[in-house]
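Each remark here refers to the structure printed beneath this line.
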2 protein chains.
Amino acid sequence: MALRHAVLAALLDGEYSGYQLAKAFDVGVANFWHALPQQLYAELAKLEREGLVSGRQIVQETRPNKRLFRVTDAGLAELERFAADAPRPSFMRDDLVVKVQAVDGVADPAPVIEQLLERARVAEAKTELFIGLLGRLRGPLDEAEFLARGERVGPYLTCLGGIGFERAYLEWCHRVVALLRAREEARRG
Amino acid sequence: MALRHAVLAALLDGEYSGYQLAKAFDVGVANFWHALPQQLYAELAKLEREGLVSGRQIVQETRPNKRLFRVTDAGLAELERFAADAPRPSFMRDDLVVKVQAVDGVADPAPVIEQLLERARVAEAKTELFIGLLGRLRGPLDEAEFLARGERVGPYLTCLGGIGFERAYLEWCHRVVALLRAREEARRG
DNA sequence: GCTTCCATGTAAGAGGTTACATGATTGG
DNA sequence: CCAATCATGTAACCTCTTACATGGAAGC
């Protein structure tokens, strides 16, 4: 039951439609939570029924109509309650890590190496994206200034976390690839 | 459908019971996948029905009987197939990150700071655990030697990844805590 | 005596993924 | 002309979590 809180947290930035949220929670982008569009539409409907968000219809002519949502006072109270709750520990569940764990049980490590390289490219792309986002968040201020006196530092901090995570992942990918290649050469040569 | 592959990967090390696997996939330890005991018992039963693992009963006198499982040839083939499959991207889903994202929407950041400090302690404890595990995995060899010529480097590599991840998380926790505290002081003073 | 460890499950419910459905508009 | 973007959902399915159940042995 934390998707609801992720949605509420995202809506602290302003009004968004399900579609816009879906992009923010997308596979390639999501710096603090991931969810599919279907989940978001369902969750928004539920949150609205419970009075934690309120939506208003925007009639558009050249495009489909949309509904913009904002957090209600009850929603803010729910977030406050959530923040004070004991967090459930977060879990590692990553296909690629399982493949590396199993890498010396399989005959051919080549596909794993390929996937590590692809994941490294993804990490680099995400990092650049995040760095751009940091710049937009902090506006004209420099980082120290923004962090000390900016109004909304939450997204900035999670973005910094995302960069740190991606850099750690990138380094690991490179290290594992170098090692698997060295072992392959040793085996053949 | 990746829990099955995580189980197969874990069983590459030798024969284990559901109970032993449950400890390895436990909340506090799990360095490459997390799962609850119930999931593992169910998954092992399923894997056995499908012939990917085979179990043998160990009758014990002072303790309950147990079943030890090992990977079959069909299981190895399944792992091989899995390793070559396109990986599904791994997702960020972490309560604590959501709380930080929302931290400037809530009145009192104190509980979030407390949780970040606790998470930092967990990261340190896990890191020590992982370092101990590395030592046991590499045995008498030094790291370079083991990585170059050791037989089973998969678990070593995922453990290195776990250490890198925990260190990144730890640094982020410290940074966020320092910042939130500075802002609290500025707000009050 | 109380807790923890060993050892294995069942059942119900919450949460997440995959597949499907619709339809105009904008860009290459 | 084909693909992507905008915009919102439903339905079926799979996975994961929570709660419950059992019972002896070893340690404090």
Side-chain angles (χ1 to χ4, degrees), chain A residues 1-7 15-30 33-50 53 55-69 82 85-95 98, chain B residues 1-7 15-30 33-50 53 55-69 82 85-95 98:
Chain A
M1 259 249 232
L3 169 60
R4 59 193 309 105
H5 302 112
V7 170
E15 285 187 318
Y16 293 102
S17 67
Y19 187 83
Q20 286 174 295
L21 286 177
K23 277 194 301 187
F25 285 78
D26 188 20
V27 179
V29 198
W33 198 267
H34 160 75
L36 297 167
Q38 300 94 311
Q39 271 180 285
L40 291 167
Y41 287 118
E43 195 62 46
L44 283 169
K46 220 166 140 193
L47 285 168
E48 194 177 24
R49 279 199 303 277
E50 295 172 29
V53 306
R56 61 191 182 92
Q57 180 106 8
I58 304 292
V59 179
Q60 299 182 120
E61 282 168 24
T62 82
R63 293 174 181 198
N65 295 339
K66 63 177 170 182
R67 307 197 64 220
L68 295 182
F69 295 90
F82 167 69
D85 268 4
R88 51 200 64 193
S90 65
F91 302 127
M92 170 58 60
R93 271 186 198 132
D94 185 326
D95 271 27
V98 175
Chain B
M1 262 249 228
L3 169 60
R4 59 192 311 102
H5 301 112
V7 170
E15 284 186 319
Y16 293 104
S17 67
Y19 187 83
Q20 286 174 296
L21 285 177
K23 278 193 300 186
F25 284 79
D26 187 21
V27 179
V29 198
W33 197 266
H34 161 74
L36 297 166
Q38 300 94 310
Q39 268 180 287
L40 291 167
Y41 287 118
E43 195 63 45
L44 283 168
K46 219 166 141 192
L47 285 168
E48 194 178 25
R49 277 200 303 278
E50 294 171 30
V53 305
R56 61 190 183 93
Q57 180 106 6
I58 305 292
V59 179
Q60 299 182 121
E61 282 167 25
T62 82
R63 294 175 178 194
N65 296 340
K66 62 178 172 182
R67 307 197 65 218
L68 294 182
F69 295 90
F82 167 68
D85 267 4
R88 51 199 62 193
S90 65
F91 303 130
M92 169 58 60
R93 270 185 199 133
D94 184 327
D95 270 28
V98 175

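Chain letters run A, B, ... following the sequence lines, proteins first and then strands; every chain starts at 1.
Closest approach of A:Leu40 and A:Ala22 over heavy atoms only: CD1-CA, 3.3 Å. Closest approach of B:Asn65 to B:Val59, counting heavy atoms only: OD1-CA, 3.3 Å.
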*Tell me, for nucleotides 17-28 of chain C in 5' to 3' order, what letter each nucleotide earns: B for a base near a protein heavy atom under 4.0 Å, S for only sugar-phosphate near one, - for neither?*
BBB---B-SS--
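B:His5 is not listed as a side-chain neighbour of A:Asp95, based on a closest heavy-atom distance of 4.5 Å or more. The shortest side-chain heavy-atom distance between A:Lys23 and A:Val29 does not fall under the 4.5 Å cut-off. At a threshold of 4.5 Å between non-hydrogen side-chain atoms, the residues A:Trp33 and B:Met92 do not count as touching. In this structure the side chain of B:Phe82 reaches within 4.5 angstrom of the side chain of A:Val98, judged on heavy atoms. Here the side chains of A:Phe69 and A:Glu15 are not in contact, with every heavy-atom distance at 4.5 Å or above. Contact of the A:Val27 side chain with the B:Phe91 side chain is registered, since non-hydrogen atoms from C-beta on lie closer than 4.5 Å. At least one side-chain heavy atom of B:Leu47 sits less than 4.5 Å from a side-chain heavy atom of B:Arg4.
At least one donor-acceptor pair under 3.5 Å links the side chain of A:Glu48 to the backbone N or O of A:Gly55. In terms of modelled atom types and a separation under 3.5 Å, the side chain of A:Arg67 and the main chain of A:Gly18 share no donor-acceptor contact.
Rounded to whole Å, the distance from CE on B:Met92 to C1' on C:dG16 is 17 Å. Whole-Å rounding puts the B:Arg56 CZ to C:dA7 P distance at 13 Å. With rounding to whole Å, B:Met1 atom CE is found 5 Å from D:dT15 atom P. In this structure, B:Leu40 places its CG atom 10 Å from P of D:dC16, rounding to the nearest Å. Between the CG atom of A:Leu21 and the C1' atom of D:dT8 there is a distance of 13 Å, given to the nearest Å. Rounded to whole angstrom, the span from the CG atom of B:Leu3 across to the C1' atom of D:dC16 amounts to 10 Å.
For A:Tyr19, the side-chain atoms get nearest to D:dT5 when compared with the rest of C:dG16, C:dG15, D:dT5.
Between its two ends, the helix from C:dG1-D:dC28 to C:dG28-D:dC1 turns its axis by 60°, counting five pairs per end and rounding to 10 degrees.
Sorted by residue number, the members of residues 41-50 of chain A with any non-hydrogen atom under 4.0 Å from DNA chain D read A:Tyr41.
Phosphate contact (OP1/OP2 of C:dC6, side-chain N/O of B:Lys23, threshold under 4.0 Å): present.
Both A:Trp33 and B:Asn65 sit near DNA chain C, but only B:Asn65 has its closest nucleotide nearer the 5' end.
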